[in-house]
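Each chain gets a letter, A, B and so on, in the order its sequence line appears, and its residues count up from 1.
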Protein chains: 2
Amino acid sequence: MTCAINYAPRLRAQGLRITPQRNAILHVLHHSGGHLSPTQVFEQARKEFPGLTEPTVYRTLEDLAEKKFLLAAHVGNGKIVYELAEKQHHHLICHKCGKTVEVDHAPLDLLYHQFESSTGYKLDSSHVTFFGLCPDCQS
Amino acid sequence: MTCAINYAPRLRAQGLRITPQRNAILHVLHHSGGHLSPTQVFEQARKEFPGLTEPTVYRTLEDLAEKKFLLAAHVGNGKIVYELAEKQHHHLICHKCGKTVEVDHAPLDLLYHQFESSTGYKLDSSHVTFFGLCPDCQS
DNA sequence: TTCCTTATTGTAACTTCTTACAATAATAGA
DNA sequence: TCTATTATTGTAAGAAGTTACAATAAGGAA
Ligand SMILES: [Mn+2]
Ligand SMILES: [Mn+2]
Ligand SMILES: [Zn+2]
Ligand SMILES: [Zn+2]
């Protein structure tokens, strides 16, 4: 049923309770593998748990992202998508065709340190989106 | 009335027509100086042009941002704010208190070049938001 | 000026997202 | 197992943002 995903201990370690709603949502994101919008999560998770409602989905996605189970990435015009937080990475999106590539965080590390010393802020490992034109769309 | 703002020639140069709706919207952003949400733009611009409607505001903000008159910055959870596009810069936002500092683009330039050569994408001068904890919120 | 073209707008309906609060149910402890 | 605590949820209503399309009006040409 829950396809051997064991988020339970990590959830409990964060003080989060294990509910069928959360299971359904994590399950959907786990299986899709990719980036899902809140609406997509809602529609798919509702199949596994028919009573599920929208406020629960939005709240859960935010909570799980805050606790680092999920990664929230904005994809332009205020749209955001979620994915399972595995390795830290960032997105590079073609503003013409939408094609997205994932880039490693490493090259940003130096920059983060510069910002930290120049501003006094302590930066998160939060996701960043860069926009541009993919190779195919440059002609 | 239009407080000596002369967007007209630049607008026309981009093939955009000059309408009272656009004037009102640009006027509001010009005077506020800061970052405004679409709702704030709508409410304030409506005072100058009472017939103004929401779809027009959203469309106009997107169009003006695409043509580089405005800069669209996301501020977390899919919220975006607009400001006049003057110098290219980025934002560093405290995820606890919301305090925002603007940082220069220069230190990102090298990174952009690295990404361009490693991915083949040609990057935009689009806005990036970084999140963290401001000095006051670190204790 | 007048007419023509077409970018821009408003309308109406809809979808997505948010809020406040009362009801529920997951956990810890007896 | 039962009970108490309180995190989590659903409800109901509303706000924010989107869509498709017909009506309007800005700007160029006659
Ligand atoms: Mn990704
Ligand atoms: Mn700014
Ligand atoms: Zn492309
Ligand atoms: Zn702060």
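In this structure, the side chain of B:R22 engages the main chain of B:R17 through a donor-acceptor pair within 3.5 Å.
Residue contacts for A:G78: at a heavy-atom cut-off of 4.0 Å it reaches no nucleic acid atom on any strand shown. B:F42 comes within contact range of no nucleotide atom at all, as no heavy-atom separation falls under 4.0 Å.
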Let's go through A:H127 and A:H105 carefully: what are the C-alpha distance in whole Å and the side-chain angles of both, what is the deciding distance for side chain to side chain contact (heavy atoms under 4.5 Å, CB included) to 0.1 Å, and is it a yes or a no?
CA-CA 9 Å; A:H127 179 95; A:H105 173 74; over 6 Å; no

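For B:T19, the side-chain atoms get nearest to C:dT9 when compared with the rest of C:dT9, C:dT16, D:dT9. Nearest nucleotide to the side chain of A:T53, out of C:dG10, D:dT11, D:dG27: D:dT11. Nearest nucleotide to the side chain of A:R17, out of C:dA26, D:dG10, C:dT8: C:dA26.
One finds no side-chain N or O of A:S37 lying less than 4.0 angstrom from the OP1 or OP2 phosphate oxygen of C:dC17. Checking the phosphate oxygens (OP1, OP2) of C:dC17, a side-chain nitrogen or oxygen of A:T39 falls inside 4.0 Å. Phosphate contact (OP1/OP2 of C:dA25, side-chain N/O of A:Q21, threshold under 4.0 Å): absent.
Both tests hold for A:R46 against A:F42: distance to the six-membered ring centre under 6.0 Å, angle to the ring axis within 45°.
For the pair A:L61 CG and C:dT16 C1', the interatomic distance rounds to 13 Å; values are reported in whole Å. B:L52 places its CG atom 6 Å from the P atom of C:dG10, with the value rounded to the nearest Å. Atom CD in A:Q14 sits about 11 Å away from atom P in D:dT8, given to the nearest Å. Summarising the geometry, the separation between CZ on B:R22 and C1' on C:dT8 is reported as 7 Å, rounded to the nearest angstrom. The CD1-P distance, from B:I80 to D:dA16, rounds to 14 Å in whole Å. Rounded to a whole Å, the CG atom of B:L16 is 14 Å from the C1' atom of C:dT9. Rounded to whole Å, the distance from CG on A:D63 to P on D:dT8 is 7 Å. Rounded to an integer number of Å, the gap from CG of A:L11 to P of C:dA28 is 13 Å.
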Return a table of donor-acceptor pairs under 3.5 angstrom between the side chains of residues 57-65 of chain B and protein atoms on other chains or two or more places apart.
residue: B:R59; atom: NE; partner: B:P55; partner atom: O; Å: 3.3
residue: B:R59; atom: NH2; partner: B:T56; partner atom: OG1; Å: 3.2
residue: B:T60; atom: OG1; partner: B:T56; partner atom: O; Å: 2.6

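Between B:P38 and B:R12, the residue anchored closer to the 5' end of DNA chain D is B:P38, taking for each the nucleotide with the nearest heavy atom.
A search for ring-ring contact (aromatic ring centres under 6.0 Å, His included) contacts involving B:F115 returns A:F130, not counting sequence neighbours. Residues satisfying the ring-ring contact (aromatic ring centres under 6.0 Å, His included) criterion with A:H95, sequence neighbours excluded, are absent altogether. Scanning for side chain to side chain donor-acceptor pair (under 3.5 Å) contacts around A:T100 gives an empty result, with sequence neighbours left out. Applying the ring-ring contact (aromatic ring centres under 6.0 Å, His included) rule to B:H35 yields the partners B:H91; only residues at least two apart in sequence or on another chain are considered. For A:K79, the salt bridge (charged side-chain N to carboxylate O under 4.0 Å, His left out) criterion is met by no residue, not counting sequence neighbours. Looking at residues two or more places apart in sequence or on another chain, you find a side chain to side chain contact (heavy atoms under 4.5 Å, CB included) between A:K67 and A:Q14, A:L16, A:F69.
One end of the helix from C:dT1-D:dA30 to C:dA30-D:dT1 points its axis 30° away from the other end's axis, with each axis taken from 5 pairs and the angle rounded to 10°.
Connectivity analysis of hydrophobic side chains (ILVMFWY, heavy atoms under 4.5 Å, direct or indirect) links A:I93 to A:V75, A:V81, A:F131.
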Check nucleotides 18-24 of chain C against the protein and report each pair of N or O atoms closer than 3.5 Å, with its distance, or say if there are none.
residue: C:dT18; atom: OP1; partner: B:K79; partner atom: NZ; Å: 3.3

What's touching nucleotides 1-3 of chain C from the protein side, N or O pairs under 3.5 Å?
none

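Among pairs with a residue in residues 106-127 of chain B, those fulfilling salt bridge (Lys or Arg N to Asp or Glu O under 4.0 Å) read B:E116-B:K122, at least two apart in sequence or across chains.
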